[in-house]
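So the structure is just underneath, and the comments pick up after that.
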Amino acid sequence: MKDYKKYHILPAEPEEVYVALTNPATIQLWTGEPAIMSTEPGSEFALWDESIVGKNLEFEEGKKIVQQWYFEQEEPSIVTLKMHPHKQGTSLEIRHTNIPDEEYDEIVEGWEDMYLRSLTEFYI
């Protein structure tokens, strides 16, 4: 199992980034795909035509999102997204733990090439 951590600067306030990550209509705007999302802890979510699915664990409005991403493994894969105020907008801290070794490269590529690039382009 491997972990991934990254800080990414977005040109938007933390509250705006939080909405972009939790509102299904806004998620669809930056991903181009329908999304299932709720800020209710325990609810399930699906992004990018269900290529990312899991359970929402915790929310702190404008500051933090904690999710469990489903993989076929015993230990849960946990994604924590924290929004920190930054002089250029928001520093998005991503911590993704317990990524299966065989899926690590693909997951990191997805974070970089799909998730973060699409989210950044949404604000430009």
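For this chain, numbers begin at 1 and follow the sequence in order. All heavy atoms count here, side chains included; hydrogens, waters and symmetry mates do not.
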When rounded to the nearest 0.5 angstrom, what distance separates CD in E58 from CD1 in I78?
-> 10.5 Å

Side-chain donor-acceptor pairs under 3.5 Å in residues 7-23, sequence neighbours left out?
residue : atom : partner : partner atom : Å
H8      : NE2  : T120    : OG1          : 2.6
E16     : OE1  : E13     : N            : 2.9
T22     : OG1  : Y18     : O            : 2.8
N23     : OD1  : A25     : N            : 2.8
N23     : OD1  : T26     : N            : 3.1

Looking only at heavy atoms, what is the nearest atom pair of D101 and K2, with distance?
-> OD1-CG, 3.4 Å

Hydrophobic cluster membership, L81 vs L29, 4.5 Å side-chain cutoff = yes

Pairs under 3.5 angstrom only: tabulate donor-acceptor contacts from the side chains of residues 106-113 to other protein residues two or more places apart or in another chain.
residue : atom : partner : partner atom : Å
W111    : NE1  : H96     : ND1          : 3.1
E112    : OE2  : Y4      : OH           : 2.6

Find the distance between CD1 (I65) and OG1 (T39) and round it off to the nearest 0.5 Å.
-> 9.5 Å

Given side chains that start at C-beta, do those of I94 and L116 come closer than 4.5 Å, heavy atoms only?
-> yes

Using atom types as modelled, flag every donor-acceptor pair under 3.5 Å from a side chain in residues 45-52 to any protein atom, sequence neighbours excluded.
residue : atom : partner : partner atom : Å
S51     : OG   : W48     : O            : 2.9

Hey, any chance M83 and W30 share a hydrophobic cluster, counting ILVMFWY side chains that come within less than 4.5 Å of each other, even indirectly?
-> yes

With a 4.5 Å heavy-atom cut-off, do Y70 and K55 have their side chains touching?
-> yes

Over all heavy atoms of both residues, which pair between N98 and M1 is shortest? Give the atoms and the distance, please.
-> O-CE, 3.6 Å

Locate the shortest heavy-atom distance separating E93 from R95; write the atom from each residue and the value.
-> OE2-CD, 3.4 Å

What distance do S118 atom OG and Y123 atom OH have between them, rounded to the nearest 0.5 Å?
-> 12.5 Å

First locate atom OG of S77, then atom CG of D3, and finally report the distance between them rounded to the nearest 0.5 Å.
-> 8.5 Å

Can you tell which of E40, E44, Q68, M37 makes a side chain to side chain contact (heavy atoms under 4.5 Å, CB included) with N56?
-> M37

dist T90:OG1 -> K63:NZ (nearest 0.5 Å) comes out at 12.5 Å

Verify side-chain contact (heavy atoms from CB on, under 4.5 Å) between K82 and H84, making sure each step is shown before the conclusion.
-> CA-CA 6 Å; K82 292 183 180 178; H84 305 285; 3.7 Å; yes

